[in-house]
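Notes to accompany the following structure.
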Amino acid sequence: MSKTHHITLIQGDGIGPEVTGATRKIIDATGVKINWDICEAGAAVFKKGLATGLPKETIDSIHKNKIALKGPLETPIGFGEKSANVTLRKMFETYGNIRPIRELPGVPTPFSGRNIDLVIVRENVEDLYAGIEHMQSPGVAQCLKLISRKGSEKIIRLAFEFVRSEGRKKLHCATKANIMKLTEGTMKRAFEDIAKEYPDIEAHHIIVDNCAHMMAKNPEMFDVIVTTNMNGDILSDLGSALIGGLGFAPGANIGDDVAIFEAVHGSAPKYAGKNEINPTAVLLSGVMMLRHIGEFDAARMIEQALYLTFSSGCITRDVKVPGKNPVSTTAFTDEVIKNLGKEYDHEKIRPYKPIAKVAISQDVDFVKTKKRTVVGADIFIETTKPMAAFGPEMESFGHKHHLTLKLITCRGVKVFPRDHEISPDVIDVVRCRFMAPQETELEHKTLHALLADIESHYHWMHIEKLQVFDGVIGYSKAHGED
Ligand code: NAP
């Protein structure tokens with residue numbers, strides 16, 4: 001007797017019920033025993049006034065079952081509630097977002113025949129998606145990009161283990177470490193360190209913009225790409241366009257305890273209820289789910305049936321094959337079911353194995369240091385004064401407390417002291433960098449006294465301490481700073 005799996009099913013918004021419905025029907029037709037626990041999330045829940053978009057019953061169900069298949073959820077853009085998708089990923093710490101991009105037989109694209117078969121492994125919790133945003137002044141917004149060594153190690157180890165689980169050979173790490181040396185650089189350094197533990201895997205770092213360029217120019221060169229959250233979001237949509245569009249891009253959100261499977265695409269509201277959308281992306285997410293729960297034969301059966309369906313000319317609206325008319329979502333689903341059990345023998349089948357669990361230290365202070373020195377502070381201040389007047393005023397505040405005003409920057413560009421006549425555009429938030437005398441530490445009481453002086457004339461928004469950890473500088477220099 002085969003095992004019954006308990007899986008949470010979130011049908012989703014827009015086209016969600018159609019694509020998850022098709023997937024459920026096909027998975028059930030393989031004979032795998034699944035007890036689907038259907039739960040609500042997204043637009044309907046927001047409308048009932050629940051700001052998270054996630055009712056307690058849904059959270060409890062995922063917590064209990066540990067596995068969910070999820071349709072897309074709508075997110076209000078630019079205002080209001082947070083994305084329920086992102087909340088789910090954070091709540092269950094599904095830190096690894098695995099997004100395969102594979103050319104399908106019978107789906108013609110400008111890249112057809114090049115055997116694109118790559119996977120994006122995207123960090124899924126940190127980065128700009130930490131969602132920490134503030135208005136510094138009425139006209140200046142800020143978003144905090146948080147990248148930890150622990151988060152980077154976890155996703156990189158998962159990526160290396162994923163490469164092994166699929167019998168792949170190569171891992172690229174795509175970052176913008178050339179510009180963001182601390183945040184994106186943390187992932188690059190973690191990648192270079194951990195790569196030494198996987199000598200069987202070819203490891204390369206690539207700058208993310210060049211990665212996007214090479215994905216469009218020479219996608220065959222990639223096997224697996226691990227990257228930060230924002231980079232991964234963009235690269236995976238780009239990747240989906242190489243193989244026929246978002247209708248073909250599946251995904252898995254993997255955590256230590258919970259895994260949530262969903263397509264890369266959203267709720268495509270203009271197609272909702274029209275019975276013409278492509279269910280492949282969610283179906284392939286279901287295939288990933290079946291492998292995750294150990295149902296390798298059913299996963300293979302669906303993949304083979306899907307290849308056979310497309311290559312026989314049965315296509316959905318988003319696929320263009322000269323002389324072939326698209327069929328409805330339901331007709332396509334029925335055709336895949338009809339083909340279950342038949343073999344499509346031109347396709348390479350990977351030696352899939354379960355992904356080995358990533359085990360790293362659970363210490364909250366993941367990176368230990370012996371000595372920490374606060375050598376200065378960046379204070380962000382709102383002002384409309386010309387820098388020629390504001391700069392000397394900040395210098396005199398600094399002198400009063402035996403601190404040096406190193407520079408003032410606006411949007412990262414040095415605006416005081418001026419080195420040349422070219423004037424950058426100035427906005428009403430500047431960063432003043434105060435340094436303690438060399439070999440000394442900036443004490444809290446000095447910082448408080450400096451702030452009290454500034455506060456009597458200006459709004460200050462926030463402070464960043466300039467710290468040195470075991471002799472390593474823990475802050476970036478400004479453009480133009482020596
Ligand atoms: P989208 O829903 O992914 O749709 C963008 C376009 O992609 C569609 O107009 C369609 O292109 C194509 N497409 C998407 N799914 C397809 C499918 N199954 N078959 C064929 N083509 C498909 O992106 P969006 O319009 O930017 O977002 C709509 C909503 O979804 C937003 O509220 C957004 O926040 C949400 N969203 C949710 C998730 C998630 O739940 N994980 C992910 C992304 C977006 P054509 O117009 O060319 O036919």
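Only this structure's heavy atoms are used, side chains among them; waters, hydrogens and symmetry mates stay out. We count ligands from 1, going down the list as the structure has it; atoms in each ligand are counted the same way.
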| note | Out of D13, L88, T329, L246, the nearest non-hydrogen contact to atom 12 (C) of ligand 1 is supplied by L246
| query | Between Y344 and S312, is any pair of side-chain heavy atoms under 4.5 Å apart? | reply | no
| At a 4.0 Å cut-off, with the gap strictly under it, does some heavy atom of S267 reach an atom of ligand 1? | yes
| said: Would you say H204 and E202 are linked by a side-chain donor-acceptor pair, where the criterion is simply a distance under 3.5 Å? | reply: yes
| query | At a 4.0 Å threshold, what atoms of ligand 1 neighbour a non-hydrogen atom of K270? | reply | 9 (O), 46 (O)
| said: Using 30° and 60° as the class boundaries, would you call the ring planes of F310 and F248 parallel, tilted or perpendicular? | reply: tilted
| message | Can you give me the closest heavy-atom contact between D223 and K169, atom names plus distance? | response | OD2-N, 2.8 Å
| task | Flag the pair F191 / H205 as yes when their ring centroid distance falls below 6.0 Å, and as no otherwise. | result | no
| Is it the case that Q304 and N339 place a side-chain donor and acceptor less than 3.5 Å from each other? | no
| query | Can you check whether Y198 and F160 have ring centres sitting under 6.0 Å from each other? | reply | yes
| Which option out of E18, H265, E276 puts a heavy atom nearest to atom 15 (N) of ligand 1? | H265
| message | As an exercise, identify every atom of ligand 1 less than 4.0 angstrom from a heavy atom of V264. | response | 42 (C), 43 (C)
| query | What part of I15, side chain, backbone, both or neither, has a heavy atom within less than 4.0 angstrom of ligand 1? | reply | side chain
| field | Location of contacts on R89 toward ligand 1, heavy atoms closer than 4.0 Å | value | side chain
| query | Do any nitrogen or oxygen atoms of E74 lie less than 3.5 angstrom from nitrogen or oxygen atoms of ligand 1? | reply | no
| For G71 and ligand 1, does the shortest N/O to N/O distance drop below 3.5 Å? | no
| query | In terms of atom number and element, which parts of ligand 1 are under 4.0 angstrom from non-hydrogen atoms of P72? | reply | 40 (O)
| field | ligand 1 contact on N278 by region, counting heavy-atom pairs under 4.0 Å | value | both
| field | Audit row: M461, I379, side-chain contact (heavy atoms from CB on, under 4.5 Å) steps and yes/no | value | CA-CA 8 Å; M461 267 69 65; I379 305 179; over 6 Å; no
| field | Nearest-0.5 Å distance, OG1 of residue T186 to NZ of residue K150 | value | 15.0 Å
| query | Does any N or O atom in G266 lie less than 3.5 angstrom from one in ligand 1, N or O only? | reply | yes
| message | I want to know if ligand 1 touches L73 in the polar sense, i.e. an N/O pair below 3.5 angstrom. | response | yes
| task | Give the atoms of ligand 1, by number and element, whose distance to some non-hydrogen atom of N85 is under 4.0 Å. | result | 37 (C), 38 (C), 39 (C), 40 (O), 41 (N)
| Are any of the side-chain nitrogens in E276 or R317 under 4.0 Å away from the carboxylate oxygens of its partner? | yes
| message | Below a 4.0 angstrom heavy-atom separation, can you tell me which part of T75, side chain or backbone, both or neither, approaches ligand 1? | response | both
